[in-house]
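Worth saying up front: this structure is predicted, and the values here are computed from it rather than measured.
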Amino acid sequence: MTDLATSYPPARHVLRDLALAIEPTGEGRAEARTVLGPALVRDREPVPGMLTTVIDALGGHLALFAAAPDWMATSELTLHRWGSPTGTITYDGTVLRRGRTNLVIEVSAADGHGAFDFIWTHFAFAE
């Protein structure tokens with residue numbers, strides 16, 4: 001996997017705690033993984049901001065290529081979660097649609113125990 005932690009982010013950044021790795025898996029598709037260590041769990045639940053940060057990073061990675069050479073920004077991010085995921089979480093991202101000014105990316109996530117699934121992000125961009 002491409003280890004984002006080697007060059008980005010800077011030494012004192014929230015993404016450092018995530019040890020995020022993203023790997024392209026096909027045209028308009030990529031996968032990310034995180035491990036739910038002690039710094040990412042409170043009261044036996046993953047910190048919600050951690051989940052959305054990973055989703056946004058994976059969606060942003062896909063959006064950079066799908067929207068190029070245009071600029072893009074996250075305009076909406078929805079997370080539906082149930083259960084209490086544990087261990088390693090795998091996120092699968094797919095570019096669903098690219099319009100003239102919008103890009104829709106779906107990210108599904110699972111921990112191998114079926115704890116949660118279905119997340120989607122919506123990116124808007126300017127030509």
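Glu31 CD to Asp92 CG: the interatomic distance, rounded to the nearest 0.5 Å, is 5.0 Å. Annotation: the span from Leu62 atom CG to Glu106 atom CD amounts to 11.5 Å, rounded to 0.5 Å.
Considering only residues two or more places apart in sequence or on other chains, Arg29 meets the side chain to side chain contact (heavy atoms under 4.5 Å, CB included) condition with Thr25, Thr94.
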> So Ile89 and Leu51, side chain to side chain contact (heavy atoms under 4.5 Å, CB included) or not? Walk me through it.
Replying inline: CA-CA 10 Å; Ile89 300 175; Leu51 296 172; 4.0 Å; yes
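What you find for Ile22 and His61 is that their closest heavy atoms are CG2-CD2, 3.6 Å. Residues Met50 and Leu36 come closest through the heavy atom pair CE-CD2, 3.1 Å. Residue Ile105 comes nearest to Gly59 through the heavy atom pair CD1-O, 3.3 Å, listed as atom of the first residue, atom of the second, then distance.
Screening Thr101, Asn102, Leu64 for a side chain to side chain contact (heavy atoms under 4.5 Å, CB included) involving Met72 leaves a single residue, Leu64.
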